[in-house]
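Okay, structure first, notes after.
For the single chain, residues carry numbers from 1 onward in sequence order.
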Amino acid sequence: MKLWNAITRLNVALYRKTNGRVGGRWKRRNPILLLEHVGRHSGQRRVAPLVYTPDGDDLIVVASRGGSDSNPGWYYNVLADPETWIQIGVERRAVVAHEADTLERDRLWPRIVEANPDYASYQEQTSRTIPVIALRPKPAA
């Protein structure tokens with residue numbers, strides 16, 4: 001896990017330094033955003049590079065953790081504090097995270113798997129239902 005965390009930090013640093021030109025795609029086809037979140041226990045600000053799938057104004061991310069039997073930490077953090085920020089390229093956006101309910105997930109899952117087939121194998125590897133999170137634009141105050 002220490003190696004994975006180091007790779008993640010490097011990805012975030014390169015993404016920010018190059019405005020997403022480096023570290024902004026997974027397997028050359030899937031776009032990556034940077035999701036800012038606050039540790040629900042530590043209070044520390046964190047950043048997770050995540051593959052996303054557009055759905056109208058929403059951006060859809062998947063709490064797959066590579067098919068692990070547990071959810072990633074960022075998932076619990078955005079459930080605890082759903083108002084946050086993302087970065088795509090040079091653009092920062094305020095968003096509100098929302099976990100897809102069963103109907104919404106059933107609608108989105110085929111599109112997610114079509115965009116990134118790895119998610120189908122991740123779901124097969126685990127007994128948990130992998131959560132799908134919609135990052136919705138935060139309404140203007």
Side-chain angles (χ1 to χ4, degrees), residues 1-126 128-141:
M1 202 45 133
K2 287 182 181 183
L3 177 61
W4 183 254
N5 289 339
I7 291 168
T8 298
R9 284 191 301 275
L10 178 61
N11 185 320
V12 169
L14 290 171
Y15 189 110
R16 287 195 163 148
K17 185 171 182 73
T18 67
N19 294 321
R21 287 187 308 279
V22 176
R25 294 226 168 248
W26 173 252
K27 296 185 177 180
R28 294 188 178 179
R29 68 171 184 250
N30 299 111
I32 291 177
L33 60 76
L34 300 182
L35 173 68
E36 296 179 13
H37 54 103
V38 175
R40 66 197 179 286
H41 299 299
S42 69
Q44 291 182 343
R45 296 199 68 72
R46 303 177 188 278
V47 180
L50 301 171
V51 169
Y52 70 92
T53 303
D55 182 54
D57 290 339
D58 295 349
L59 300 174
I60 309 303
V61 294
V62 179
S64 66
R65 198 172 185 203
S68 168
D69 286 331
S70 59
N71 294 317
W74 67 259
Y75 164 77
Y76 297 107
N77 293 343
V78 299
L79 291 183
D81 187 6
E83 292 189 16
T84 191
W85 291 86
I86 61 168
Q87 180 178 342
I88 299 174
V90 297
E91 181 184 358
R92 280 180 43 98
R93 300 180 195 175
V95 296
V96 179
H98 159 82
E99 184 170 5
D101 63 22
T102 302
L103 288 174
E104 189 177 16
R105 186 186 185 283
D106 288 348
R107 176 182 69 81
L108 292 168
W109 192 254
R111 291 188 54 227
I112 291 166
V113 169
E114 181 181 347
N116 186 348
D118 291 341
Y119 288 128
S121 62
Y122 296 162
Q123 185 58 79
E124 290 173 6
Q125 289 174 221
T126 184
R128 70 184 171 97
T129 300
I130 294 176
V132 171
I133 304 295
L135 302 172
R136 300 198 163 133
K138 184 177 177 182

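Here the closest heavy-atom approach between residue Asp55 and residue Arg107 is recorded as OD2-NH2, 2.9 Å. In plain terms, the two heavy atoms of Pro72 and Ala63 that are nearest each other are CD-O, 3.5 Å. Here the closest non-hydrogen pair linking Gln87 and Gly89 is NE2-O, 2.8 Å. Residues Arg128 and Ser70 come closest through the heavy atom pair NH2-O, 3.4 Å. The two atoms that bring Thr126 and Gly67 nearest to each other are CB-O, 3.4 Å, heavy atoms only. Here the closest heavy-atom approach between residue Ile133 and residue Ala97 is recorded as CG2-CB, 3.9 Å.
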Show which side-chain atoms of residues 43-54 pair as donor or acceptor with protein atoms under 3.5 Å away, not counting sequence neighbours.
from  : atom 1 : to    : atom 2 : distance (Å)
Gln44 : OE1    : Arg46 : NH2    : 3.3
Arg45 : NH2    : Glu36 : OE1    : 3.3
Arg46 : NH2    : Ser42 : OG     : 3.2

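The salt bridge (charged side-chain N to carboxylate O under 4.0 Å, His left out) test applied to Lys17 returns no partner, not counting sequence neighbours. Residues satisfying the side chain to side chain contact (heavy atoms under 4.5 Å, CB included) test with Leu14, not counting sequence neighbours, are Leu10, Val22. The salt bridge (charged side-chain N to carboxylate O under 4.0 Å, His left out) search around Glu104 returns Arg136, not counting sequence neighbours. Residues passing the side-chain hydrogen bond (donor to acceptor under 3.5 Å, both in side chains) test with Asp57: none are found, sequence neighbours excluded. In this structure Ser121 satisfies the side chain to side chain contact (heavy atoms under 4.5 Å, CB included) test together with Gln125, sequence neighbours excluded. In this structure, the salt bridge (charged side-chain N to carboxylate O under 4.0 Å, His left out) partners of Glu91, at least two apart in sequence or on a different chain, are Arg93.
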task = For Val95 and Leu59, run side chain to side chain contact (heavy atoms under 4.5 Å, CB included): C-alpha distance rounded to whole Å, both residues' side-chain angles, the deciding distance at 0.1 Å, then the answer.
result = CA-CA 9 Å; Val95 296; Leu59 300 174; 5.9 Å; no
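Counting heavy atoms from C-beta on, the side chains of Arg105 and Ile130 come closer than 4.5 Å.
For the salt bridge (charged side-chain N to carboxylate O under 4.0 Å, His left out) condition, no pair includes a residue of residues 3-13, sequence neighbours left out. Pairs engaging residues 75-84 under the salt bridge (charged side-chain N to carboxylate O under 4.0 Å, His left out) rule: Glu83-Lys138 [sequence neighbours left out]. Among residues at least two apart or in separate chains, ring-ring contact (aromatic ring centres under 6.0 Å, His included) pairs with a member in residues 67-119 are Tyr119-Tyr122.
If you take CD1 on Ile32 and CD1 on Ile88, they are separated by 11.5 Å, rounding to the nearest 0.5 Å. The CD1 atom of Ile86 lies 6.0 Å from the CG atom of Leu135; values are rounded to the nearest 0.5 Å.
Looking at Asp101, its side chain does come within 3.5 Å of a backbone N or O of Leu103 through a donor-acceptor pair. Judged by distance alone, with hydrogens and angles left aside, the side-chain atoms of Asn77 form a donor-acceptor pair with the main-chain N or O of Arg40 at under 3.5 Å.
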